[in-house]
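Below is one structure; the comments refer to it alone.
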Amino acid sequence: MSKKKRILSGMRPTGRLHIGNLHGALNNWIQMQDKYDCFFFIADWHALTSDYENPGPISDYSRDMMIDWLSAGISPEKNTLFVQSHIKEHAELFLILSMITPVPWLERNPTYKDQVAQIAGRDLSTFGFLGYPVLQAADIIMYKAYGVPVGIDQVPHVEITREIARRFNYFYKKVFPEPEAILTSNPKILGLDRRKMSKSYNNAIFLSDSPDEISSKVSGMITDPQRVRKKDPGNPDICNVYDFHRLYSDNETVATISKGCRSAKTGCVECKKIMTQNLVRSLEPFREKTQYYLSKPDLVNDIIINGSKKAQKIAQETMHEVRAAMKI
Ligand code: SF4
C-alpha cells in the first residue's frame with residue numbers, strides 16, 4: 001500500500017484538451033504524480049449535468065481525454081486513472097449524501113448561479129445540475145482523499161465537500177476525513193481572442209493540433225491593439241502572443257522580443273512566426289505519443305479497465321463502511 005498522501009482530481013470529458021488545460025491542470029498533475037498517491041478520473045457523469053440532452057459524444061470524449069492524459073505524461077503506473085461511470089458506487093454514495101445535504105448549501109454555491117446565467121441555450125434548472133457539488137463530494141470522499149488540487153476560485157467546492165463529510169460523520173460515524181484544498185498556481189494563458197481559453201469560445205489551441213493548424217490560429221491572435229502598423233512601438237505586456245512566448249520561448253528570445261516590440265524593430269508577423277515554431281516544437285512529443293496511443297486501442301482500454309478496477313476495490317470498501325455506519 002502506498003504511504004504517500006492520496007489526492008484526487010477529475011476532468012469533465014468535453015472534447016480534446018487544449019493548452020489552457022495543460023497549464024491549468026495537467027502540468028500540476030504531472031508534478032504531483034511523484035509526490036502523491038494520485039487518483040485522476042474522467043468525470044463523465046459530471047458532463048451529463050449540463051450535456052444531458054446530447055450524451056452521445058461523452059464516451060468518445062472520455063477515451064480522447066485518456067489518450068490526451070497519457071500523451072501529456074500522466075503515468076498509468078504511478079497513478080490510478082479511471083472513468084467515474086465505471087464505478088457505480090459513486091452513484092450510491094451520491095444518493096446517500098444527497099439525503100443529508102441541505103439545499104441552501106447548494107444554492108449558495110458561487111458558481112451555480114454564474115453558470116446558469118452564462119451557459120446559454122440549455123435548461124440547467126435540473127436537480128442534477130444543482131446537485132453536482134454533492135456528486136463531487138462523493139467522488140472525493142469515496143477515496144478518503146487527503147487533498148484536492150484546485151485553483152483559488154474552486155476552494156468553495158472543496159469547502160462544501162468538507163461540510164458534507166462532516167455532516168455524515170456527525171450523523172452516523174466518523175468514516176470520512178475532510179479533504180484539504182491544495183492550491184495550485186497556473187501561469188497566465190488566454191485564448192486566441194484574450195478570453196478564457198475554451199472549446200466553446202472557439203479560441204483554443206488543442207494539444208493535438210497539427211503545425212499548420214497552430215500556425216493558422218496564431219496568425220489570427222489578437223496582439224497589442226494600439227500597435228496598428230509595424231513602425232508603431234508595441235507593448236508586449238498587454239500582448240497575448242508575448243504571454244505565449246514567456247511559456248514557450250527561451251529567456252533570450254523573450255528578452256529580444258520585448259526589446260524589438262517596444263522599439264518597433266520586430267513586427268508582429270515575425271514575432272508570431274517565432275512563437276509558432278517554439279510552440280510546435282514543444283508540442284511535438286505530445287503529438288508523437290498521441291499517434292502511438294491511437295495505434296494501440298487495446299492498451300488504452302486496458303489502462304482504463306485496470307485503473308477503474310483498482311479504484312472500484314477501494315470504493316467497495318468505503319461503501320461497506322458507509323452502509324455499516326448507517327446500519328442499512
Ligand atoms: S511584436 Fe509580438 S509582442 Fe509585440 S505586439 Fe506584436 S505580437 Fe505582440
Side-chain donor-acceptor contact under 3.5 Å, [X] with [Y]:
X	Y	answer
R63	N301	yes
N186	N27	no
R287	S71	no

What do you reckon, is CG of D250 surrounded by more than 12 foreign heavy atoms closer than 6.0 Å?
-> yes
Does I214 belong to the same Ile/Leu/Val/Met/Phe/Trp/Tyr cluster as Y242, with side-chain heavy atoms less than 4.5 Å apart forming each link?
-> no
Measure the CD1-NZ distance between I314 and K144 for me, rounded to the nearest 0.5 Å.
-> 10.5 Å
To the nearest 0.5 Å, what is the distance between CD1 (I238) and CD1 (I222)?
-> 11.5 Å
Pair H90 and Y143, ring centroids less than 6.0 Å apart = yes
Using the test side chain to side chain donor-acceptor pair (under 3.5 Å), find all partners of D193 that sit at least two apart in sequence or belong to another chain.
-> R195, N203
Looking at Y146, does the NZ or CZ of K5 lie under 6.0 angstrom from its six-membered ring centre and within 45 degrees of the ring axis?
-> yes
Output yes when a side-chain donor or acceptor of D44 lies under 3.5 Å from a complementary backbone atom of P13, and no otherwise.
-> no
Does R6 come within less than 4.0 Å of D37, counting only side-chain N to carboxylate O?
-> yes
With a 4.0 Å cut-off, would you call D302 and K309 a salt bridge?
-> no
List for me each residue that meets side-chain contact (heavy atoms from CB on, under 4.5 Å) alongside T266, sequence neighbours excluded, and say none if there are none.
-> I257, E270, C271
